[in-house]
Amino acid sequence: MSKQSREFPHIYFPEKGKSENYTRPRQGGGSNPPPNRNRITHASYLEQVIGRAIQNANQLLTSRDPGLATGVPGFYLEFYIKADETIALKSLENQTKKIELVAVKKIPGEEDMVMATVFIPASASNYFLKKVEEYRDKNTKNDKPKNDALVSRLETVEIGTIKSLFTDDPALFPEDGREVWWEVWLRKGKQKEFKEITGKLEIPTKPHALSFPEREIVLAMSDMEAMARVIHNSDAVAELRIAKDTPSMFLEMPSLEQEQWVNDLEKRLLEPGKHAVSICLLDSGVNITHQLLSLGLASDDRHTVEPSWGVNDSPYWRGHGTAMAGLCLYSDSLIDLLATSEEVKLLHRIESVKILPNTGQNQPELYGAITEQGVFLPEIQAPDRRRVFCMAVTSPIDSKNRGTPSSWSAAVDQLCFNDGEFRRLMIISAGNIFQDIFSDNYLNINDIETIENPGQAWNALIVGAYTEKINILDPNYRGWQPLAHGGDLSPRSRTSVAWDTQWPIRPDVVFEGGNMAFDGQNPAETINDLCLLTTHYRPNIRMFDHMSDTSCATALASYMATRIMSEHPNYRPETVRALIVHSAEWTPAMQNHFQGASSKTARGSLLRRYGYGVPDLSRALQSASNDLTLIIEDELQSFCLGKSNIKTKEMKLHKLPWPSEELEKLGEANVELKITLSYFIEPNPGERGWAYRHRYPSHGLRFKVKDSLETDDEFQWRINEAVRNEEENKKSSSSPEDKNWFLGPNTRDGGSIHSDIWHGTAVELARKDAIAIYPVGGWWKEKKYLERYNEMAPYSLIISVRVPGVEVDIYTPVSNLVSTSIEIYA
């Protein structure tokens, strides 16, 4: 990892990118052609199955209860389509006729098939039957069957049931008559109707609700039959899942009885400034009576989402919030601070919001709503304060939902995006593994055990754990060995290796999370020597506690984010997130695994284990003479309204103030170009991601760098082609220099933060003097009726040039060029 001297501030480049209109290139090819069917036979079969389904639907419509019925009368149909033919899904909706695709899911045991559930108003009951008849009897101008793109791709059609709307693990479906808390995903604007019918059926609901562009999410407790009556007598429900509890996940750590150290450090503490940045902990509360916390946490800055809980930490959670507070305030340096005799200035403050009850689990509220309330409370108390939100409370994700957004993770994304206004930075743990871990290749367990809820969030920084702790000094553990090698993944840290590839890379980064020890026979154990020192929630009994795992790592990440925000209070949250990721490097232990990866795909799996590596605060804040960093904050309008549809509006071209002469003088010397692009998406949850245009993110952004021998026109053509490939779900075509990127676009472009390193010669880099940021599709483009196509898309772009092992000043010429640019800019 880089250890060179850093003495220069990063270069903030104020000049905005040049806006370039997007011009769609002529298409060569496209999606797979429809299956070649026997037209008459296929139409006859579909007429039979659709006719039978409509007949059943009519019977259901006539049996609606007049005392309960609300909304538009209608029914649900299940459409079965091959998994590689999901382009047909975009033809299953018709906004004019109020026909809506509400859920798409894979079929257990039939991985090559998906099932799409569509709501059809009674007034349009024959819509699909007419489509089939036209397919049978009419041709297009090209002498193809009319509606061929849809009808030929349909395998079969059935009447929908309550199970059609259940998109969770099928094994969780309550068929035994028991009551459960359902997570009910409502069609937009249907919450009032849903509350009316559940009130009549005496179905308890929770007052909290989450609102998204096309869905509202509430909780209701009932058995399957009662929920089926709701669906039968209303058009409100789009999707059903099971509401999941947050588990107890915290370990009690023994303490050191060293009260005199605390008294000494307390005397040397200096309180943070009036306008200091804050880390806001969403956790189990904090006990302010601890001498090392009271100066950094004002009494008014403690909150609770339920007044009856109080604001103090709870023995039930083993002081998790108070332990987190110590790490957030002092990072991993508490031992060093205790041992010194110097004054210690607190550079930031902490706030606490209690989101966990004093005993047991929360009532099965919508955890997204609880998190929202936890965010709003400190903002109401201190609205002008800059803050980072830190949350190390997670719950398991169904193993079959590999990265699929949940109501909780979508709420986190919504909080970060904040309707395009002042964004929020949220830092969330990846979650911990709690099964027994043995010494035999523990990394296999890490790769199987997936990131926990709400770690699917696109906009939050998701933190895993690695460890450098390998020294075991306790005589009680003589002969024991550390489980993880120094610099490798912490044994309990979760990963997204098993996630489907369309979901974000998680974790983003890893911080110290401690190690475990083993004796060669029994499961590994957590021991004090391999943990971090922090504050105990019962200071009247003991002052110190130990902490490990991803909670510990999340606190350290929040500390780093706050340091960056304190140094640069005007940076966007997207920029702070980008700097953390951009500063990260893989340790030698991680590099050994990457060096053994035979392809970029294999590297992608390791990326989903380690994220982008271990961040470095000095690298995030300062440059070196041979390792400079440029920071750009800009925005573009992704889409606009065309004559009949939404089209891509613009891209931004950034001409870089490149040290071309200095690079050319270095000739064939090896150099590195690292780029990180960070932006926030607006979430639109509710569908399962299989449809071509039914997407979770509002938009996507990508970057491309001009090749060494490429003209400006060739560069723009390549970007246009890349946009088209994204829209058609194709992999990007390779350019001659793509091989020089460590990850490449097909690996790095998941989620809403993209980072990669280009390796080449200095003379090649001298001519790579332009970066383009361009948009790709999302629901802002595909959902015309939601009218979000004129939204601006802010982004942060971090660019570093490094000449490792060479004493050369590339910083000064770039700084001079930017200074000239600033004068012109002013």
Please name the pair of heavy atoms, one in [X] and one in [Y], separated by the smallest distance, quoted to 0.1 Å.
X	Y	answer
Ala557	Ile580	O-CD1, 4.4 Å
Gly326	Thr534	CA-OG1, 3.4 Å
Leu297	Ile350	CD1-O, 3.1 Å
Ala392	Ser551	CB-OG, 3.5 Å
Ser409	Tyr696	O-OH, 4.1 Å
Ile753	Tyr612	O-OH, 4.1 Å

Examine the side chains of [X] and [Y] and answer whether a donor and an acceptor come within less than 3.5 Å of each other.
X	Y	value
Arg506	Ser496	no
Tyr367	Asn453	no
Thr371	Trp408	yes
Arg349	Ser278	no
Ser284	Asp313	yes
Thr289	Asn287	no
Thr340	Glu342	no

Report yes or no: does [X] contribute a side-chain atom to a donor-acceptor pair with the main-chain N or O of [Y] at less than 3.5 Å?
X	Y	value
Thr587	Met590	yes
Asp634	Lys16	no
Glu682	Trp780	no
Thr304	Glu306	yes
Arg386	Pro569	yes
Trp586	Leu607	no
Arg6	Gln622	yes
Asn459	Ile681	yes

With side chain to side chain contact (heavy atoms under 4.5 Å, CB included) as the test, would you mind laying out the steps for Met391 and Ile355 before giving the verdict?
CA-CA 10 Å; Met391 186 168 70; Ile355 64 171; 4.1 Å; yes
Go through Trp503 and Gln456 one step at a time and tell me if the side chain to side chain donor-acceptor pair (under 3.5 Å) criterion holds.
CA-CA 8 Å; Trp503 302 119; Gln456 315 95 303; over 6 Å; no
State plainly whether the residues [X] and [Y] are in salt-bridge range, i.e. N to O under 4.0 Å.
X	Y	value
Asp283	Lys354	no
Glu452	Arg494	yes
Lys674	Asp627	no
Lys652	Glu635	no
Glu574	Arg423	yes
Arg424	Glu379	yes

Any idea how Tyr571 and Tyr12 line up, ring-wise: parallel (<30°), tilted (30 to 60°), or perpendicular (>60°)?
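The arrangement is parallel - the two ring planes meet at less than 30°.
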Should the pair His754 and Tyr679 be assigned to parallel (<30°), tilted (30 to 60°) or perpendicular (>60°) ring geometry?
tilted
Near Ile335 CD1, under 6.0 Å, is it more than 12 heavy atoms from other residues, nucleotides or ligands?
no
Quick one, [X] and [Y] - any side-chain contact, counting heavy atoms below 4.5 Å?
X	Y	result
Arg702	Asp749	yes
Ile11	Ile631	no
Ser490	Asn515	no
Val375	Leu282	yes

Are His348 and Tyr559 close enough that their ring centres sit under 6.0 Å apart?
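Aromatic pair counts; centres sit under 6.0 Å.
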Are the ring centres of His699 and Phe680 closer than 6.0 Å?
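No, ring centres 6.0 Å or more apart.
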What's the verdict on side chain to side chain contact (heavy atoms under 4.5 Å, CB included) for Ser493 and Thr550, showing C-alpha distance, side-chain angles and the deciding distance?
CA-CA 6 Å; Ser493 190; Thr550 58; 3.7 Å; yes
From [X] atom [atom1] to [Y] atom [atom2], the distance as rounded to the nearest 0.5 Å:
X	Y	atom1	atom2	value
His303	Leu281	NE2	CG	12.0 Å
Thr526	His546	OG1	NE2	12.0 Å
Thr495	Leu489	OG1	CG	7.5 Å
Met560	Leu579	CE	CG	8.0 Å
Leu292	Leu334	CG	CG	6.5 Å
Ser294	His290	OG	NE2	9.5 Å

Using side-chain contact (heavy atoms from CB on, under 4.5 Å) as the criterion, point out the one residue from Val393, Ile462, Ile451 that pairs with Ile428.
Ile462
Please evaluate residues Arg302 and Asp300 with respect to the criterion salt bridge (Lys or Arg N to Asp or Glu O under 4.0 Å), reporting the C-alpha separation (whole Å), side-chain torsions for both, the decisive distance (0.1 Å), and the verdict.
CA-CA 6 Å; Arg302 296 188 300 161; Asp300 289 346; over 6 Å; no
Tyr466 and Tyr610: CA distance, side-chain angles, deciding distance, side chain to side chain contact (heavy atoms under 4.5 Å, CB included) verdict:
CA-CA 8 Å; Tyr466 92 112; Tyr610 299 116; over 6 Å; no
Stepwise, does the salt bridge (Lys or Arg N to Asp or Glu O under 4.0 Å) test hold for Glu512 with Lys469?
CA-CA 8 Å; Glu512 178 64 66; Lys469 295 190 172 293; 5.6 Å; no
Determine the sole option in Ser800, Ser796, Ser755 for which the side chain to side chain donor-acceptor pair (under 3.5 Å) test with Thr676 is passed.
Ser755
Go through the steps to decide whether Leu346 and Leu270 satisfy the test side chain to side chain contact (heavy atoms under 4.5 Å, CB included), and finish with yes or no.
CA-CA 6 Å; Leu346 297 180; Leu270 301 176; over 6 Å; no
Begin with the C-alpha distance, continue with both residues' side-chain angles, and end with the deciding distance and a verdict on salt bridge (Lys or Arg N to Asp or Glu O under 4.0 Å) for Arg385 and Asp301.
CA-CA 11 Å; Arg385 182 177 294 163; Asp301 288 334; 3.1 Å; yes
